[in-house]
Amino acid sequence: MAVSSFMVPLGTRAPDFTLPALDGRTVSLTDYADAPALLVAFLSNHCPFVKHLEKALGAFAEEFPRLAVVAVCSNNTSVAPDDGPEGLRDQVARTGWTFPYLIDADQSTALAYRAACTPDFFLYGAEGTLGYRGSFDDSPPGNGRPVTGERLRAAVTGTLAGRPVPEPHHPSMGCSVKWAPGNEPA
């Protein structure tokens, strides 16, 4: 079932995280303290909404060398087994992503960021505060529109230039985060 992202208040500080990456490293928010902008993207391997834009997302990330990007998979693998480490490695091989892909097994990072769906995008400026939350573009699967990344591109361009991202921001839409029992957001 498709759900929309929560519209977390702009200006919210990026919640801290320390998570294992698929390549064996441990990645923390503090690793990006000097980045002019950080995109935290909640993604998954199984979701058709993510599959619809995943190749474009890789190309998009390469367009912005000053943009730090991390992907986070928070899905409960007993519900979505394709979102386990092996499935995520297959996804990276399929897409050519070069940014870290982090595993949020206890779902604490998804809860802290208030991620609701995959994909769900959170863009933070140099000061570590939320400047954009919302959709990649206006092309969910099946609507016939091309995948352009236009909404997120405008947000990143403005953020890297030190400008606020004009509202309205449009919520992302995708597959719900597959919560472990007892982890569902209130």
If you look only at distance, which donor and acceptor atoms sit under 3.5 Å apart when one is on a side chain in residues 28-35 and the other is two or more places apart or in another chain?
from	atom 1	to	atom 2	distance (Å)
Ser28	OG	Thr18	OG1	2.9
Asp31	OD2	Ser28	N	2.9

Is the side chain of [X] donor-acceptor paired with the backbone N or O of [Y] at a distance under 3.5 Å, no angle test?
X	Y	value
Arg153	Thr148	yes
Glu63	Ala61	no
Gln107	Lys178	yes
Thr12	Leu130	no
Asp137	Val147	no
Thr159	Ala37	no
Asp23	Arg25	yes
Asp83	His46	yes

Centroid-centroid distance, Tyr124 to Tyr132, less than 6.0 Å: no
Can you find a pair of side-chain heavy atoms, one from Phe136 and one from Leu57, that are under 4.5 Å apart? yes
NZ or CZ of Arg114 within 45° of Phe6 ring axis and under 6.0 Å: yes
Between Ser135 and the options His169, His170, Glu150, Arg151, the side-chain hydrogen bond (donor to acceptor under 3.5 Å, both in side chains) test singles out Arg151
Quick check on the hydrophobic clustering: are Phe17 and Val8 connected, directly or via other members, by side-chain heavy-atom contacts under 4.5 Å? yes
Is there a chain of hydrophobic side chains (I, L, V, M, F, W, Y, each step under 4.5 Å between heavy atoms) that links Leu111 to Phe42? no
Please, which pairs that meet salt bridge (Lys or Arg N to Asp or Glu O under 4.0 Å) have at least one residue in residues 41-61, sequence neighbours excluded? Glu54-Arg94
Going through the distances and angles, do Cys175 and Cys47 end up as a disulfide (SG to SG under 2.5 Å)? CA-CA 6 Å; Cys175 303; Cys47 178; 2.1 Å; yes
How long is the gap from CG on Asp104 to OH on Tyr113, to the nearest 0.5 Å?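 Here the rounded value is 10.5 Å.
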